[in-house]
Engineer: 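First the structure, then my questions, so here it is.
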Amino acid sequence: MRLAVFGLLAIVGMVASATAGVAGAGADPLAGPAAGARAVPGAMVPLAPQRVIDTRIGQGGSTLNAGSTLRVQALGVAGVPDAGVSAVVLNLTATGGTESGWIAARPSGAYPSTLSSLNFEAAQTVANLAIVRVGSDGGVALQNGSPGRVDLVVDVSGYYLAGPAQSPGTFVPVSPSRLYDTRFQEAAMGGVTLAPRVVRALQISGTSEVPANGVGAVAMNVTATGGTAAGYLTVRPSGQTPSSSNLNFVPGQSVPNFVVVALGSDGRIEVVNGSSGAIDVVIDIIGYYLAKLPDEAGTLVALPPARVLDTRTGAPLGPGGDLALPIAGLGGIVGRASSVVLNLTATDPSSDGYVTAWAGGTARPLASNLNFAPGRIVPNLVIVPVGADGTVLLHNGSGGTVHLIADVFGYVRAAPLVVSVQSGPVALEGPIRSLTCPVVGFCAALAQGAQTYVMTAGGWQLPVDNPESRYVDSLSCYAAARCTASQVGPGPGLESSTYSFDGSTWTVVAHSPGVRRAMLNCQSATQCAAVEDRFVWRFDGSQWAQIAEIDIRPEVFVCASPSFCIAGNGFSAVVLEGSAWSSSAGLTPNTAVYSAACASVTFCAFGGNRGAVTFDGATWTQWRDITMNAGTVPLVSMSCPAVNRCLAGDQVGFLYAFNGTGWTTFIPGPAEDSAVFVSCPTVERCYAISADGHAEQLAIDW
């Protein structure tokens with residue numbers, strides 16, 4: 001059976017344990033619009049999953065009898081506001097059913113519905129996501145459409161803001177209606193059972209309350225039922241051919257999955273039967289997303305599916321194991337993402353279990369996104385918050401092994417970056433060529449010639465002249481009022497000097513005739529490294545020693561520690577650990593490199609004229625969403641105060657910030673039409689100075 005994954009939004013079941021309690025205390029602080037962000041009607045606010053119903057233990061209700069309905073309070077619980085909400089995102093899990101059946105989710109107070117949100121078999125544990133409109137009393141209703149008893153587990157994982165949706169990417173819920181049901185070929189919504197390998201085109205725009213124009217994607221519940229052979233079902237935009245699937249099935253099984261899929265240019269989607277047998281398909285419309293490129297917080301950006309994880313190429317996830325999945329920049333994600341839409345598939349499990357997906361850097365909730373059993377392939381879509389480190393974590397909640405597959409199908413935009421000027425601008429006499437700020441309250445700016453400006457708590461000082469009026473080539477500060485500088489004579493073969501600064505005076509600490517110390521990096525007064533041409537040198541506070549030769553001629557050089565440095569040019573990058581250089585790794589696409597920074601030995605960044613490149617200790621990743629102000633304007637400076645936190649300045653006066661999920665749109669720097677240099681001693685505080693001498697202190701809400 002072919003295993004793939006397609007879709008755009010959804011599922012999240014959760015039966016982590018029979019006695020699991022509340023998943024968390026309120027909303028995920030990383031999710032949703034930040035303080036001050038504009039509340040756009042129809043925008044989604046993702047939440048860390050929180051359990052509100054578990055009938056197995058009497059939480060919020062008791063086991064549902066045949067045909068019975070359970071009311072669930074939606075407003076004012078689990079991080080959902082008590083007003084201003086149009087719909088909630090629920091993770092529904094049915095477990096322990098005595099008969100096969102289905103669950104219908106609807107606004108409380110609405111008429112009973114035969115449109116299912118979840119299908120289950122006797123004794124099966126199965127999960128699915130549902131977007132449900134909130135009733136006038138602030139609740140939703142869950143109906144047991146089976147002749148037997150069943151337990152329900154319900155988690156809240158997000159909500160949509162009320163009001164008329166107008167911004168691109170916002171959600172418009174509709175009265176759930178059946179669009180397609182091949183079991184009833186003569187009915188208005190009927191069609192012919194899908195034959196093996198057949199592709200069926202369906203018109204979406206202009207049907208079932210979906211407008212004829214202005215729709216970018218549609219939210220649906222898709223069910224495959226009555227298949228005569230094992231296989232998969234793919235729902236895709238018309239005209240596209242992704243190698244993925246929305247759900248997998250075996251003969252005679254009814255399998256639902258919530259799907260959000262972009263529409264083709266003709267307003268249609270295609271349903272593909274990826275099996276060697278016939279299959280019936282049922283599709284219920286839940287709502288739609290407005291077209292055009294979304295740019296507001298909480299709006300959905302639908303993407304072509306892109307696989308970002310497949311453990312089948314290596315080892316499975318072990319019993320109770322966790323896996324960190326870096327989301328930043330993968331699968332077409334651009335800019336700041338509050339959450340990501342993933343299709344998760346569990347395959348080849350060796351025992352019963354579940355998978356939980358949650359934001360990196362946060363505590364694992366008592367929840368699950370899908371439940372699996374040996375011999376089953378279980379796919380489900382999830383909307384999971386992205387951690388501050390740009391990762392999503394996956395947990396194998398079983399005593400056996402399981403292979404996991406993940407595809408990106410979209411993401412929810414986070415609030416825009418907030419940059420506030422804390423002080424400045426202060427005008428200095430330029431031209432300025434570099435800036436280094438090792439701690440909050442102290443910076444040194446290198447000007448043309450031998451002049452070095454120093455900023456302390458009292459502000460920027462007048463230029464501090466080096467002892468000799470020769471060209472200062474490079475400057476590196478490692479503590480408050482502690483810097484090292486290299487200086488070279490005006491002609492070849494003339495003496496080069498190394499100076500140390502103690503806060504008021506520059507002192508010559510070493511001479512090296514005929515050698516130019518370029519790209520100086522210091523962690524302390526006795527731990528410096530520099531590169532010249534292909535050679536790397538180390539400085540112990542009194543003398544320089546050559547330690548290595550590189551197989552490239554670097555344009556940038558930066559060190560994360562006394563024993564770890566990286567160097568690069570427009571084609572290649574190399575890593576130095578101790579005195580051994582790695583073989584050069586190709587950078588694609590080729591780009592001129594102008595700046596570099598490291599936060600640790602597992603996170604560094606290059607800036608060039610085609611964007612930025614990041615390094616995670618093993619892999620180089622090209623980012624193409626950074627140079628948005630003028631195409632290929634070079635990034636002349638880079639500072640990374642922490643992993644997945646970088647600020648860059650370009651040659652014409654704009655700043656860019658990286659938060660692990662992408663680079664922001666450009667931000668005006670301290671001066672226009674002038675190169676801007678940046679240095680961030682902490683995540684909370686950064687400094688910027690333009691080449692023409694305008695300096696600012698910045699606070700950044702990443």
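Because only heavy atoms are used, hydrogens play no part in the values below, and waters and symmetry mates are left out as well, while side chains stay in. Given the structure is predicted, the values throughout are model-derived calculations rather than measurements. For this chain, numbers begin at 1 and follow the sequence in order.
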Engineer: Hey, are the side chains of V174 and Y288 touching, using non-hydrogen atoms and a 4.5 Å cut-off?
Structural biologist: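 Yes, side chains in contact.
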
Engineer: Strictly by modelled atom types, are T347 and H403 linked by a side-chain donor-acceptor pair under 3.5 Å?
Structural biologist: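 Side chains of T347 and H403: no pair found under 3.5 Å.
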
Engineer: If you round to the nearest 0.5 Å, how far is CG of L152 from OG1 of T63?
Structural biologist: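 Between atom OG1 of T63 and atom CG of L152 there are 9.0 Å.
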
Engineer: Which heavy atom of R364 sits nearest a heavy atom of Y354, and at what distance?
Structural biologist: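 Result for this residue pair: NH1-OH, 4.2 Å.
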
Engineer: Report the C-alpha distance between F372 and V355 in whole Å, list the side-chain angles of each, state the deciding distance to 0.1 Å, and finish with yes or no for side chain to side chain contact (heavy atoms under 4.5 Å, CB included).
Structural biologist: CA-CA 8 Å; F372 53 77; V355 173; 3.7 Å; yes

Engineer: Are the side chain of R197 and the backbone of G274 linked by a donor-acceptor contact shorter than 3.5 Å?
Structural biologist: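 Yes, the answer is positive, given that a donor and an acceptor are paired below the 3.5 Å cut-off.
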
Engineer: Is the shortest side-chain N to carboxylate O distance from D348 to R312 below 4.0 Å?
Structural biologist: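 No salt bridge links D348 with R312.
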
Engineer: Hey, does the side chain of Q240 reach the backbone of P237 with a donor-acceptor pair shorter than 3.5 angstrom?
Structural biologist: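 Absent.
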
Engineer: Could you tell me which non-hydrogen atom of A229 sits nearest to which non-hydrogen atom of G277, and how far apart they are?
Structural biologist: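 Taking A229 first and G277 second, the nearest heavy atoms are CB-N, 3.6 Å.
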
Engineer: Answer yes or no: is there a side-chain heavy-atom contact under 4.5 Å between I103 and V150?
Structural biologist: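 I103 vs V150: side chains touch.
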
Engineer: I want to check something: taking the side chain as every heavy atom from C-beta on, are F171 and I131 in contact at a cut-off of under 4.5 Å?
Structural biologist: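 The answer is yes; the side chains approach within 4.5 Å.
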
Engineer: Write down the atom of Q73, the atom of V77, and the distance for their closest heavy-atom approach.
Structural biologist: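 Smallest heavy-atom distance, with atoms named: O-CG2, 3.3 Å.
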
Engineer: Would you mind reporting whether I285 and P176 have side-chain heavy atoms less than 4.5 Å apart?
Structural biologist: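 Contact flag for P176/I285 side chains = no.
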
Engineer: If we ignore hydrogens and angles and just use 3.5 Å, is the side chain of T228 paired with the main-chain N or O of A278 as donor and acceptor?
Structural biologist: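 Yes.
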
Engineer: Specify the closest pair of heavy atoms between V126 and N119, including all atoms of both residues, with the distance to one decimal.
Structural biologist: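 Heavy-atom minimum between the residues: CG1-O, 3.3 Å.
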
Engineer: Quick check for you: to the nearest 0.5 Å, what is the distance between Q143 atom CD and L115 atom CG?
Structural biologist: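 CG of L115 is found 10.0 Å from CD of Q143.
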
Engineer: Would you kindly say whether N128 and N221 are connected by a side-chain donor-acceptor distance under 3.5 Å?
Structural biologist: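 Side chains of N128 and N221: pair found under 3.5 Å.
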
Engineer: Can you find a side-chain donor-acceptor pair between R51 and Q59 that sits under 3.5 Å?
Structural biologist: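 The answer is no; no qualifying pair exists.
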
Engineer: Checking D137 against S108: is there a side-chain donor and acceptor pair closer than 3.5 Å?
Structural biologist: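 Yes - a donor-acceptor pair under 3.5 Å links their side chains.
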
Engineer: Nearest 0.5 Å, please: how far is OG1 in T125 from CG in D151?
Structural biologist: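 Nearest 0.5 Å value for the CG-OG1 distance: 9.5 Å.
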
Engineer: Is there a side-chain contact between Y180 and L202 in this structure, where contact means two heavy atoms from C-beta onward sitting under 4.5 Å apart?
Structural biologist: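 Of all side-chain heavy-atom pairs linking L202 with Y180, at least one is under 4.5 Å.
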
Engineer: Give a yes or no answer on whether the side chain of S351 reaches the backbone of G400 with a donor-acceptor pair at less than 3.5 Å.
Structural biologist: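 Yes: the side chain of S351 pairs with the backbone of G400.
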
Engineer: Do the non-hydrogen side-chain atoms of V412 and S339 ever get within less than 4.5 Å of each other?
Structural biologist: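 With C-beta onward as the side chain, the pair touches.
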
Engineer: Just do the side chain to side chain contact (heavy atoms under 4.5 Å, CB included) check on F120 and N144 with the steps written out, would you?
Structural biologist: CA-CA 11 Å; F120 57 87; N144 175 16; 4.0 Å; yes

Engineer: Among side-chain atoms of D310 and T313, is any donor-acceptor pair under 3.5 angstrom?
Structural biologist: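 Judged by distance alone, the side chains do not pair up.
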
Engineer: Looking only at heavy atoms, what is the nearest atom pair of G60 and L70, with distance?
Structural biologist: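 Scanning both residues, the minimum pair turns out to be O-CD1, 3.8 Å.
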
Engineer: Going through the distances and angles, do L92 and L142 end up as a side chain to side chain contact (heavy atoms under 4.5 Å, CB included)?
Structural biologist: CA-CA 10 Å; L92 305 178; L142 304 176; 4.1 Å; yes

Engineer: Please find the pair of heavy atoms, one from P168 and one from A291, that lie closest to each other, and give the distance.
Structural biologist: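 Taking every non-hydrogen atom into account, CB-O, 3.2 Å.
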
Engineer: Can you tell me how far apart CG (L325) and OG1 (T391) are? Round to the nearest 0.5 Å.
Structural biologist: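 Rounded to the nearest 0.5 Å, the CG-OG1 separation comes to 8.0 Å.
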
Engineer: Are the side chains of T223 and V255 in contact, using a 4.5 Å heavy-atom criterion?
Structural biologist: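 Contact flag for V255/T223 side chains = no.
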
Engineer: What residue among N273, I269, V192, V281 forms side chain to side chain contact (heavy atoms under 4.5 Å, CB included) with R200?
Structural biologist: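 Between R200 and the candidates, side chain to side chain contact (heavy atoms under 4.5 Å, CB included) is satisfied uniquely by V192.
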
Engineer: For N369 and A357, indicate whether the former's side chain and the latter's backbone hold a donor-acceptor pair under 3.5 Å.
Structural biologist: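 Such a contact is found between N369 side chain and A357 backbone.
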
Engineer: Is there side-chain contact between R149 and E99, with heavy atoms separated by less than 4.5 Å?
Structural biologist: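 Sidechains of E99 and R149: no contact.
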
Engineer: Give me each pair satisfying salt bridge (Lys or Arg N to Asp or Glu O under 4.0 Å) with a member in residues 272-290, each pair once, sequence neighbours excluded.
Structural biologist: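 Found R178-D284.
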
Engineer: When you compare the side chains of S205 and Q203, does any donor N or O come within less than 3.5 Å of an acceptor on the partner?
Structural biologist: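 Their side chains do contain a donor-acceptor pair, which is all the 3.5 Å distance test asks for.
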
Engineer: Within the distance-only criterion (no hydrogens, no angle test), does the side chain of W102 pair as donor or acceptor with the backbone N or O of G145 below 3.5 angstrom?
Structural biologist: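 It does hold such a pair.
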
Engineer: What's the separation between atom OG in S146 and atom CG in N65, rounded to the nearest 0.5 Å?
Structural biologist: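 With rounding to 0.5 Å, OG (S146) is 9.5 Å from CG (N65).
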
Engineer: Evaluate L317 against T401 for side chain to side chain contact (heavy atoms under 4.5 Å, CB included), listing each step before the verdict.
Structural biologist: CA-CA 6 Å; L317 189 58; T401 61; over 6 Å; no

Engineer: Rounded at 0.5 Å granularity, tell me how far CG in N257 sits from CG in N380.
Structural biologist: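 CG of N380 is found 5.0 Å from CG of N257.
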
Engineer: Keeping N396 on the side-chain end and G318 on the backbone end, is there a donor-acceptor pair under 3.5 Å?
Structural biologist: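 Yes, because the side chain of N396 sits within donor-acceptor range (under 3.5 Å) of the backbone of G318.
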
Engineer: How are the rings of H395 and W358 set to each other: parallel, tilted or perpendicular (split at 30° and 60°)?
Structural biologist: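 If you compare the ring of H395 with that of W358, the planes turn out perpendicular.
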
